[in-house]
Structures are given as structure tokens and as C-alpha cells.
Peer 1: 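Here it is, the structure in full.
A note on names: the letters A, B, ... follow the listed sequences, proteins ahead of strands, and every chain is numbered from 1.
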2 protein chains.
Amino acid sequence: MMMDQSCPGKVEPILEILDGKWMLILLFELFNGNKRFGELRRKLHPISPKTLTDRLRLLEEKGIVTRTIYPGVPLHVEYDLTESGRGLQPIFEAMWTWTQSYGAYLRNETNEGEEAGKVM
Amino acid sequence: MMMDQSCPGKVEPILEILDGKWMLILLFELFNGNKRFGELRRKLHPISPKTLTDRLRLLEEKGIVTRTIYPGVPLHVEYDLTESGRGLQPIFEAMWTWTQSYGAYLRNETNEGEEAGKVM
DNA sequence: TGCAATAGTTTCAAAAAATGAACTATGGAG
DNA sequence: CTCCATAGTTCATTTTTTGAAACTATTGCA
């Protein structure tokens with residue numbers, strides 16, 4: 001595997017899927033088997049229905065999820081990962097692994113003490 | 001590896017690193033060995049210097065990069081990945097792998113023809 | 001006909017993010 | 001004491017994103 005100069009350009013399209021508020025956490029929920037609109041909305045609370053719709057439509061456009069309407073009482077809709085959607089799983093596994101190794105050390109403070117970087 | 005219900009919450013901190021415009025592509029550049037401010041700025045063109053500074057400062061706060069000033073003529077600054085920063089690499093490798101498998105099928109069209117999802 | 005439940009849409013305002021242009025700082029060479 | 005190159009900063013403005021609130025649509029049962 002090479003991540004040479006040409007790589008970033010080629011990976012750009014995946015940024016459209018993963019970048020932006022809610023996208024990663026939404027995909028997590030889909031991997032965890034949460035498929036229905038209301039279900040996702042509850043898990044991602046306090047996401048607004050508009051924003052959730054926007055995100056799901058984007059994933060649909062990109063071929064990551066399918067949208068299936070189940071008529072009935074009450075009617076409901078399920079979002080399923082496509083093959084390429086499921087193919088994202090190794091990315092999420094790598095994130096999980098990273099979190100286990102380094103997540104605890106993530107700094108959040110405003111770092112009031114030191115300012116600029118070190119000088120050589 | 002398990003990605004159960006509790007996982008999304010625990011992975012949240014990594015979203016602060018990867019989410020948002022420029023972050024993924026910026027980290028790519030750092031992996032590719034581009035370290036200096038101007039270098040990154042050129043690669044990420046047309047990013048504004050302010051935005052680039054903001055991103056680099058965030059990564060510094062999170063402990064992903066260090067900032068080192070090299071006095072001299074002209075002076076320059078290098079941004080280096082920390083251990084936890086380098087630890088992000090498997091995530092990027094997974095993205096690259098995904099792109100090789102599915103990137104070509106990413107749809108971009110407005111999908112004028114069909115509208116809603118299929119009905120069961 | 002009215003109601004309950006799901007899954008949205010619409011509208012408009014608010015908040016956040018990104019940008020452009022111009023300016024500051026540093027330090028040695030000439 | 002001016003110039004060059006690097007690496008920023010500052011401020012005002014624009015653009016994008018997000019959000020809340022209220023409304024629509026569908027279905028079948030009572």
C-alpha cells in the first residue's frame with residue numbers, strides 16, 4: 001500500500017462521505033444495525049429531522065445506502081448499507097482501534113500555559 | 001473487534017480530529033511528508049492561511065502534531081506527527097483501500113430520473 | 001371521520017465556518 | 001535601513017451549515 005503524492009486527490013471522493021457533522025456517527029449507527037429513520041433520529045439526538053434527511057440523501061446519492069419504504073401501519077422506512085457501504089467497515093474498525101490506543105490521551109484543554117511550539 | 005452500541009460514544013473524540021473541511025486532506029499531506037506551512041498551503045490550495053492555521057492549531061491541541069520553529073533565513077516551521085498522529089495511518093490506509101475497491105462507483109449525478117427509494 | 005404513528009418537508013432565522021485582503025513579525029544579506 | 005522569504009494574524013464579509021417550529025403525507029383501525 002502506498003500513500004504517495006497522488007493519493008490525496010484520489011481519496012477526495014471519500015471525504016464527501018465521511019466529512020461533515022453527523023456523518024461518521026450516522027454511519028456508525030448504520031453499522032450497528034439501526035436502520036429506521038426514527039431510530040437513527042433518537043440515536044443521534046439532538047439532530048433535526050431536516051439534517052438527518054439531508055445526510056441520508058447524500059449517502060443515497062453516493063451509493064452507500066439504499067432506502068426502502070415498507071407500507072403498513074404505521075408505514076416505515078429502512079436504510080440499508082450497500083456493498084460499498086459495508087466496505088467502509090475497516091475504516092471504522094481502524095478508528096476504533098486508534099481510540100483504544102490513543103483516545104485516552106486526547107487533550108481538550110485550552111493549553112493556557114504554553115503557547116507556540118518549541119524552538120530548535 | 002466489536003462495534004457495539006457503546007462504541008459510537010467512545011469514538012466521538014476522533015471525530016473532532018477527522019471531521020470538518022480540510023482535516024482529512026491535511027492529515028494526508030502530513031503523512032506524505034509535507035511538513036512546512038507554505039508547503040501545506042500550496043498542497044491544499046485554495047485554503048486560506050487563516051483556515052490552515054486553525055486546523056494545525058486544533059491538531060496541536062489534540063496532541064496529533066507538534067510545531068517546531070527553525071530560526072534562520074528565512075525562518076521556517078515544521079509540523080510533525082506525534083506517535084498518536086502516526087497511529088492514525090491505518091485509518092487512512094483503510095480509506096485508500098476502500099477507494100481502490102469502490103471509489104470508481106461513487107455516484108455524483110443528481111439522479112434526476114428516480115426519486116424515492118424502492119417500495120416493498 | 002378522526003386519530004395515531006411513522007417519516008418526512010418547508011420556511012426562515014441563527015450559528016458556524018471559510019474566505020480575501022491587507023497587515024505583522026523575524027532575521028540576515030546587501 | 002531596505003529587501004526577501006517564511007509564517008503567520010486580523011478584521012470584515014460571505015458562504016455554508018445547522019437548527020427549530022410547524023406543517024404534510026400515508027395507512028388502517030375504531
Side-chain angles (χ1 to χ4, degrees), chain A residues 12 15-26 29-30 34-62 65-80 110-111 114-120, chain B residues 12 15-27 29-30 33-62 65-80 110-111 114-120:
Chain A
E12 253 185 25
L15 307 189
E16 295 170 32
I17 297 169
L18 300 180
D19 248 23
K21 196 170 175 183
W22 302 114
M23 289 308 267
L24 294 182
I25 194 81
L26 170 56
E29 293 302 333
L30 291 168
N34 299 309
K35 299 179 164 187
R36 293 169 57 155
F37 186 87
E39 202 168 29
L40 294 167
R41 187 177 175 185
R42 278 188 296 279
K43 294 285 185 179
L44 274 63
H45 182 270
I47 196 175
S48 72
K50 174 181 180 302
T51 303
L52 181 53
T53 300
D54 289 349
R55 294 303 181 279
L56 288 167
R57 291 291 181 281
L58 173 64
L59 292 177
E60 217 188 333
E61 273 174 22
K62 298 292 176 183
V65 303
T66 58
R67 177 172 177 273
T68 308
I69 301 166
Y70 291 84
V73 179
L75 108 168
H76 74 275
V77 175
E78 287 195 0
Y79 294 91
D80 288 280
T110 326
N111 286 342
E114 51 190 328
E115 282 289 287
K118 61 176 177 293
V119 180
M120 296 303 282
Chain B
E12 251 185 27
L15 307 190
E16 295 170 32
I17 298 169
L18 301 179
D19 249 21
K21 195 170 175 183
W22 302 115
M23 288 308 266
L24 294 182
I25 194 82
L26 169 57
L27 285 163
E29 294 301 334
L30 290 168
N34 299 311
K35 300 179 165 189
R36 291 168 58 155
F37 187 88
E39 203 168 29
L40 294 167
R41 186 179 175 184
R42 279 187 296 279
K43 293 287 184 176
L44 273 61
H45 183 273
I47 195 173
S48 72
K50 177 181 182 300
T51 303
L52 181 53
T53 301
D54 288 349
R55 293 303 179 279
L56 289 168
R57 292 291 181 280
L58 174 64
L59 292 178
E60 217 186 335
E61 273 174 21
K62 299 290 176 185
V65 303
T66 58
R67 176 172 178 275
T68 307
I69 301 166
Y70 292 84
V73 179
L75 108 169
H76 74 276
V77 175
E78 287 196 0
Y79 293 90
D80 288 280
T110 327
N111 284 339
E114 48 189 329
E115 281 287 288
K118 60 176 178 290
V119 180
M120 297 302 282

Peer 1: Just how far, in rounded Å, is C1' of dC4(D) from NE2 of H76(B)?
Peer 2: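 Rounded to whole Å, this separation is 17 Å.
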Peer 1: Name all residues meeting the side chain to side chain contact (heavy atoms under 4.5 Å, CB included) criterion together with L75(B); count only those two or more places apart in sequence or in a different chain, and write none if there are none.
Peer 2: I69(B)
Peer 1: Quick check: on DNA chain C, is the nucleotide nearest T51(B) upstream (toward 5') of the one nearest G38(A), or the reverse? Name the residue that is more 5'.
Peer 2: G38(A)
Peer 1: Taking only residues two or more places apart in sequence or in another chain, which ones pass side-chain hydrogen bond (donor to acceptor under 3.5 Å, both in side chains) with S48(B)?
Peer 2: T51(B)
Peer 1: Would you compute the distance between atom CD of E61(A) and atom CD of E16(A) and round it to the nearest 0.5 angstrom?
Peer 2: 10.0 Å
Peer 1: Nearest whole Å is fine: how far is dA7(C) C1' from E78(A) CD?
Peer 2: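 Roughly 13 Å, once rounded to whole Å.
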Peer 1: How many angstroms lie between atom CG of L18(A) and atom CG of L26(A), to the nearest 0.5 angstrom?
Peer 2: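 So the CG of L18(A) and the CG of L26(A) are separated by 11.0 Å.
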Peer 1: Measure across V65(A) and L56(A) and return the closest heavy-atom pair with its distance rounded to 0.1 Å.
Peer 2: CG2-O, 4.0 Å
Peer 1: Rounding to a whole Å, what distance do you find between L44(B):CG and dT19(C):C1'?
Peer 2: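 Taking atom C1' of dT19(C) as the reference, CG of L44(B) is at 15 Å.
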Peer 1: Test of understanding: with side chain to side chain contact (heavy atoms under 4.5 Å, CB included), list the residues that count as partners of P49(A), not counting sequence neighbours.
Peer 2: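 Here the qualifying residues are F37(A), R41(A).
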Peer 1: Give the minimum heavy-atom separation between L40(A) and K35(A), together with the two atoms involved.
Peer 2: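 Smallest heavy-atom distance, with atoms named: CD1-O, 4.1 Å.
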Peer 1: Nearest 0.5 Å, please: how far is OH in Y79(B) from CZ in R57(B)?
Peer 2: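 The CZ atom of R57(B) sits 4.5 Å away from the OH atom of Y79(B).
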Peer 1: Can you see if the side chain of R36(B) gets near the phosphate of dT6(D) - specifically, an N or O under 4.0 Å from OP1 or OP2?
Peer 2: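 Checking dT6(D) against R36(B), no side-chain N or O comes under 4.0 Å of OP1 or OP2.
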Peer 1: Measure CG/L52(A) against P/dT10(C) and give the value in whole Å, please.
Peer 2: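 Whole-Å distance recorded here is 16 Å.
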Peer 1: Return the value, rounded to whole Å, for the distance between atom CD1 of I69(A) and atom P of dT9(C).
Peer 2: 10 Å
Peer 1: Base contacts versus sugar-phosphate-only contacts with protein, heavy atoms under 4.0 Å: please encode nucleotides 25-30 of chain D as B, S and - from 5' to 3'.
Peer 2: ---S--
Peer 1: How many Å lie between OH on Y70(B) and C1' on dG27(C), as a whole number?
Peer 2: 18 Å
Peer 1: Partners of K21(B) by side-chain hydrogen bond (donor to acceptor under 3.5 Å, both in side chains), sequence neighbours excluded?
Peer 2: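 side-chain hydrogen bond (donor to acceptor under 3.5 Å, both in side chains) check on K21(B) returns nothing, list empty.
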Peer 1: I need a per-nucleotide contact map over nucleotides 8-17 of chain D, read 5' to 3'. Cutoff is protein heavy atoms under 4.0 Å; write B for the base, S for backbone only, - otherwise.
Peer 2: SBBB------
